[in-house]
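Remarks on the structure that follows.
Computed from heavy atoms alone, side chains included, the values below leave out hydrogens, waters and symmetry copies.
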Amino acid sequence: MPDELEDLALRFVDDPADVEALVAATRRRIEWRTRRGGKRCSRCGEVLPVRQFARDSGRSDGLDHRCRACRRRA
């Protein structure tokens with residue numbers, strides 16, 4: 001996962017220090033979500049494990065705002 005995060009960060013910033021900061025912030029956010037037990041789906045409202053959410057590089061935590069089941073229903 002670290003290589004994926006760094007590669008993703010390089011798409012958005014050019015400065016190596018900014019890349020490190022972005023990767024560190026993303027790791028903290030993922031760890032926080034994992035400790036809390038998951039993420040709340042914006043559609044069904046359930047708190048689900050992080051693995052139930054698809055990746056979305058445009059979001060601050062790198063995860064889609066809807067769970068995989070709600071994405072299939074849409």
Could you tell me the separation between the CH2 atom of Trp32 and the CG atom of Asp61, rounded to the nearest 0.5 Å?
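Reported to 0.5 Å precision, the distance equals 9.0 Å.
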Using side-chain hydrogen bond (donor to acceptor under 3.5 Å, both in side chains) as the criterion, list what pairs up with Ser42, not counting sequence neighbours.
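Applying side-chain hydrogen bond (donor to acceptor under 3.5 Å, both in side chains) to Ser42 gives His65.
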List for me each residue that meets side-chain hydrogen bond (donor to acceptor under 3.5 Å, both in side chains) alongside Asp64, sequence neighbours excluded, and say none if there are none.
Arg71
Strictly by salt bridge (charged side-chain N to carboxylate O under 4.0 Å, His left out), give each pair with a member in residues 46-59 just once, sequence neighbours left out.
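Every salt bridge (charged side-chain N to carboxylate O under 4.0 Å, His left out) pair that includes a residue of residues 46-59, provided the two are not neighbours, is Glu4-Arg55.
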For Arg40, salt bridge (Lys or Arg N to Asp or Glu O under 4.0 Å) partners two or more places apart:
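Scan of Arg40 (salt bridge (Lys or Arg N to Asp or Glu O under 4.0 Å), adjacent residues dropped) gives none.
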Residues two or more places apart in sequence or in another chain: which of them pass salt bridge (Lys or Arg N to Asp or Glu O under 4.0 Å) with Arg68?
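Testing Arg68 for salt bridge (Lys or Arg N to Asp or Glu O under 4.0 Å), a comparison that skips the adjacent residues, returns none.
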All side-chain contact (heavy atoms from CB on, under 4.5 Å) counterparts of [X], not counting sequence neighbours:
X     : result
Arg28 : Ala24, Ala25
Ala21 : none
Ala74 : Arg43, Arg66
Pro16 : none

On a heavy-atom basis, the closest approach of Cys67 and Cys41 is N-SG, 3.3 Å
I'd like to know whether CG of Asp14 has more than 12 heavy-atom contacts from other residues, nucleotides or ligands below 6.0 angstrom.
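12 or below, so no.
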Under 4.5 Å between side-chain heavy atoms, chaining through other members, with only Ile, Leu, Val, Met, Phe, Trp and Tyr counted: pull out the rest of the cluster around Leu48, sorted by chain and number.
Val50, Phe53, Leu63
